[in-house]
Amino acid sequence: MTLIDQYSRHINYLRVSITDRCDLRCVYCMKEKMTFLPKKEILTLEEIERLCDNFIEMGVKKIRLTGGEPLLRKDLPVLVEQLSSIAGIEDISLTTNGVLLTQKMAQQLKDSGLHRITVSLDALDDETFKAISDVSFKVDKVLDAIETADSVGLSPVKINMVVKKGVNEQAILPMAKHFHSSGIILRFIEFMDVGSTNHWQMDDVFSAKEIVDAINQELPIEPADANYKGEVAKRWSYKDGGGEIGVISSVTQPFCQSCTRARLSAEGKLYTCLFATQGKDLRRLIREGENDEHVAEVVSAIWKKRTDRYSELRSSETVLLPKVEMSYIGG
Ligand code: SAM
């Protein structure tokens, strides 16, 4: 089955938020005091697996587990194992802050069939890290997690670094130098206006161009070809052969035209854009006993009508829309 939307975009990639809870409070993502969903409203593992299976039937090839912090779900390896046994799945990945990624957990995830991991880290110095994530532990804990993921073969490990102007642009070069020649792919992300609680304003965006310029001054880089059509991160290679970086420029250079992502929230709502204000409640359908064919018809009808291109339309007015929080919809 091939699902194509109004702008000829195939459904290809499903990002699943498996919990809306997180053990960090990154300033660009969550408020200090959040209201979380009650447990009974969160999809069970069986429900996640069933919906993913259905999406794979509809053409999805790649699944990313995210949140919230996905490692807060203790049974994560069981879910990965279930997903990896679905015929047609080509790639299962995970985005995590790394805090709970012990050697044992990393190995379990690898053995269960996880292919790749992305760890979020926004600075190398403890002071900036604390200012962003509001936690007391040290950056070394996250660096250990990155090393652990690499050592068990969850590679290539990628690092997500969100750059917020006035907060951590001074950390760009130290991060680039640290991961240069390591085989680990550092990706810089422009601060985005996801959700409604992070007080986003354009003035706080450190642009992709500024990021590239900052690195290029000391570590010369040149554009590299995309790995595949529609790759979100623009690739840059170090001229000295020290590997590559990625820059995700959703704000200053939107890539809506190639967006093939569907998103499943922690409570089972389908969203067809990261900046959406409304989703379709698939959990209700399955808990009311609807069969997979019916769920597929509902999803198919939504995808065929899809016209989302928020980042291309971003304006001072769209910024005020009541968008769904990143932790809930899945980053
Ligand atoms: N807890 C996990 C983590 O920290 O990686 C997964 C969820 S988190 C929401 C997923 C990614 O979204 C992280 O890399 C985070 O830095 C990024 N993110 C969150 N809010 C963002 C924002 N306003 N702009 C850009 N990226 C953001």
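Atoms within a ligand are numbered from 1 in the order they appear, just like the ligands themselves.
Residues D134 and R25 are not paired through a salt bridge, judged by the lack of any N-O separation under 4.0 Å between the basic side chain and the carboxylate. A salt bridge does not link D203 to K165: none of the charged nitrogens lies less than 4.0 Å from a carboxylate oxygen. Ion pairing between D126 and K130 fails under the 4.0 Å rule for side-chain N and carboxylate O.
Under a 4.0 Å criterion applied to the non-hydrogen atoms of V194, ligand 1 contributes the atoms 22 (C), 23 (N). Atoms of ligand 1 lying under 4.0 Å from any heavy atom of E190, numbered from 1 in the order shown and given with element: 24 (N), 25 (C). Ligand 1 places these atoms under 4.0 Å from at least one heavy atom of F191: 23 (N), 24 (N). Close approach to N160 involves these atoms of ligand 1, each under 4.0 Å from a residue heavy atom: 14 (O). Of all atoms in ligand 1, listed by their number and element, those nearer than 4.0 Å to a heavy atom of N198 are 23 (N). Close approach to T66 involves these atoms of ligand 1, each under 4.0 Å from a residue heavy atom: 6 (C), 7 (C).
Taking the ring axis of Y13 as reference, the NZ or CZ atom of K62 stays within 45° of it and closer than 6.0 Å to the ring centre.
Nearest to atom 4 (O) of ligand 1 by heavy atom, out of C22, S120, G67, is S120.
The protein heavy-atom contact nearest to atom 21 (C) of ligand 1 is Y28 CD1, 3.5 Å. The protein non-hydrogen atom at the shortest distance from atom 24 (N) of ligand 1 is M192 N, 2.9 Å. The nearest protein atom to atom 7 (C) of ligand 1, hydrogens excluded, is given as G68 O, 3.1 Å; this is a heavy-atom distance. Protein heavy atom in closest approach to atom 10 (C) of ligand 1: G331 CA, 3.7 Å. Protein heavy atom nearest atom 17 (C) of ligand 1, with residue, atom name and distance: M326 CE, 3.6 Å. Considering only non-hydrogen protein atoms, atom 26 (N) of ligand 1 sits nearest to V162 CG2, 3.3 Å.
Counting heavy atoms closer than 4.0 Å to ligand 1, residue N97 contributes atoms from both its backbone and its side chain. Under 4.0 angstrom from ligand 1, the non-hydrogen atoms of T96 all belong to its backbone.
Using the six-membered ring where Trp is involved, Y271 and Y328 have ring planes that are perpendicular, over 60° apart on the 30 and 60° scheme. Using cut-offs of 30° and 60° for the angle between ring planes, the H180 and Y238 rings count as perpendicular.
The closest approach between G98 and ligand 1 stays at or above 4.0 Å for every heavy atom of the residue.
Considering backbone and side-chain N/O of E69, one or more are found under 3.5 Å from N/O of ligand 1.
In this structure, a donor-acceptor pair under 3.5 Å is present between the side chains of E69 and T96. Residues D308 and T272 have side chains that bring a donor and an acceptor to within less than 3.5 angstrom of each other. A donor-acceptor contact under 3.5 angstrom links the side chains of R64 and S93, judged on distance only.
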**Request:** Dump the intermediate steps for side chain to side chain contact (heavy atoms under 4.5 Å, CB included) on K61 and D91, then the final yes or no.
**Result:** CA-CA 7 Å; K61 305 261 184 271; D91 186 48; over 6 Å; no
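When each of D122, V162, D125, L124 is tested with N168 by the rule side chain to side chain contact (heavy atoms under 4.5 Å, CB included), just one qualifies, namely D122.
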